[in-house]
Amino acid sequence: MPQPLTDVLAEVRTLLLDPGLTRAVAAGRRRGHTPTVTRAELRPVALKSGPHLQIVTDDGARPFTRNVAPGAEAEAAVDALLAEPFGNWHVETSATTVQVRITKKGDAQVHRGAAPDAAPVAGHDRAKQWLLDPGDPLFTVVGGTAAKRRQVDAFLRALAATLPDTLPSPLRVVDLGCGNAYLTFAAYRYLAARGVQVQVVGVDVREDQRVRNTAVASELGCSADVTFVAGTISSADLPFTPDLVLALHACDTATDEALARAVQWSARWVLAAPCCHHDIAAQLKGGAAPAPFGELTRHAIMRERFADVLTDTLRASLLRLNGYRVDVVEFIDSAHTPRNLLLRARRTDAPATPSQRAEYESLTAQWSVTPALEKLL
Ligand SMILES: C[S@@+](CC[C@H](N)C(=O)[O-])C[C@H]1O[C@@H](n2cnc3c(N)ncnc32)[C@H](O)[C@@H]1O
């Protein structure tokens, strides 16, 4: 039953400032309102100077992280976030999980549940909730460094945020440029643990990876569901048409090949973490920047960074023009890798509007670039 919003936000405030807070996320927007940030995530962090509350906000372009001291500073920061017209709050503490959705009428629908199971992490003094148990046999087989577990966890969180609760059965997944496939197996094991019937195929140009990954599938006892093909992203034959396309750190235009195939397959969901970007950078180097943006591309390092942003902007835009709703989010904390963007796309089949088309055309014309993805599509 809906409850008065003020009372519920007071409860959320108490939980956010509780020393037992594990994690909280605010996102979405209330009817007729737009928060100044698209998302906010709060979690406790242990700094040299003592425990702090870490707040990561995202303005839609990039994340911004700050650590606030407990007491007045944390209270002011929490109050500012609670004053934002977010549509949802999700709060986990060591004792409870509270989910709040603000209704169209401005009341709060509240779901209160148990605390998520906490899996303690060696060497850390606080419990972290892993989406794939750190004791999962996958980590025994592919190696279980802390960095790898964190990357798997970040990837699975992005996957969980992309997929709806009800999935097709079987869910057909392709991982393009799967490499040594630990993320492929992680996706399989996570989805299988959710009770989803999954068929996964990993594609990599390297035959040695196919042989190795097939052996790992056998070791993990999932050879019937997880198979591997040696071939290129653009031409590999798959045993099925995938619902979900993964392309994680596929080099340069291999990401474009993966996105093009996803569109051609009409895949329902796409998760792509681009790797190095050379295509647009090379085109920018050869061409003149439109006035007054010459400074953006004058210095090589600036040009490369700008090219990264322009490349992924145009990829997101092309996906949108092809009937996908796209979010660009941070994949994993930039402390772990500078290649930390993730394009998350969901097919809606919404036709592109004339203004979206015009915007894309104007952007590419002004910068005199033709993205690889446009050529492939
Ligand atoms: C940087 S690794 C990433 C592996 C894995 N996806 C991950 O994130 O851990 C990129 C992989 O893509 C493969 N690859 C690159 N271009 C490819 C293409 N055009 N077709 C198939 N595989 C490709 C490489 O062989 C390599 O194994």
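Since the structure is predicted, the reported quantities are computational estimates derived from the model, not experimental observations. Every number for a ligand or one of its atoms is a count from 1 in the order of the listing.
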Nearest heavy atom to atom 3 (C) of ligand 1, choosing from L248, N180, V229, belongs to L248
Heavy-atom proximity to atom 11 (C) of ligand 1 ranks first, among V205, D204, D252, for D204
Rounded to the nearest 0.5 Å, the OG1 atom of T297 sits from the CZ atom of R305 at a distance of 15.0 Å
Worksheet item: Do other residues, nucleotides or ligands put more than 12 heavy atoms under 6.0 Å from R194 CZ?
Response: yes
[atom]: nearest protein contact (heavy atom, Å):
| atom | answer |
| --- | --- |
| atom 4 (C) of ligand 1 | G177 O, 3.5 Å |
| atom 10 (C) of ligand 1 | H249 O, 3.4 Å |
| atom 15 (C) of ligand 1 | C251 SG, 4.0 Å |

Please could you name the atoms of ligand 1 that [X] approaches to less than 4.0 Å, counting only its heavy atoms?
| X | value |
| --- | --- |
| A254 | 16 (N) |
| L183 | 8 (O) |
| G179 | 4 (C), 27 (O) |
| E257 | 19 (N) |

Only residue of L183, L132, L191 satisfying side chain to side chain contact (heavy atoms under 4.5 Å, CB included) with L156 is L132
Nearest heavy-atom approach of G179 to Q209 is C-NE2, 3.4 Å
Minimal heavy-atom distance between F240 and V201, with the atoms involved, is CZ-CG1, 3.6 Å
For this session: Report yes or no: is the cationic atom of R149 (NZ for Lys, CZ for Arg) closer than 6.0 Å to the six-membered ring centre of F139, at no more than 45° off its axis?
Result: yes
Worksheet entry | Sub-4.0 Å heavy-atom approach of C178 to ligand 1 | yes
| field | Close approach, A181 and ligand 1, non-hydrogen under 4.0 angstrom | value | no
Do W367 and F306 make the cut of ring centroids closer than 6.0 angstrom?
yes
**Q.** Ring centroid separation F185 to F155 under 6.0 Å
**A.** no
By salt bridge (Lys or Arg N to Asp or Glu O under 4.0 Å), D79 pairs with (sequence neighbours left out) R13
Checking heavy atoms under 4.0 Å, the part of R206 that sits near ligand 1 is side chain
### Query
Would you say I233 and ligand 1 have an N/O pair spaced under 3.5 Å apart?
yes
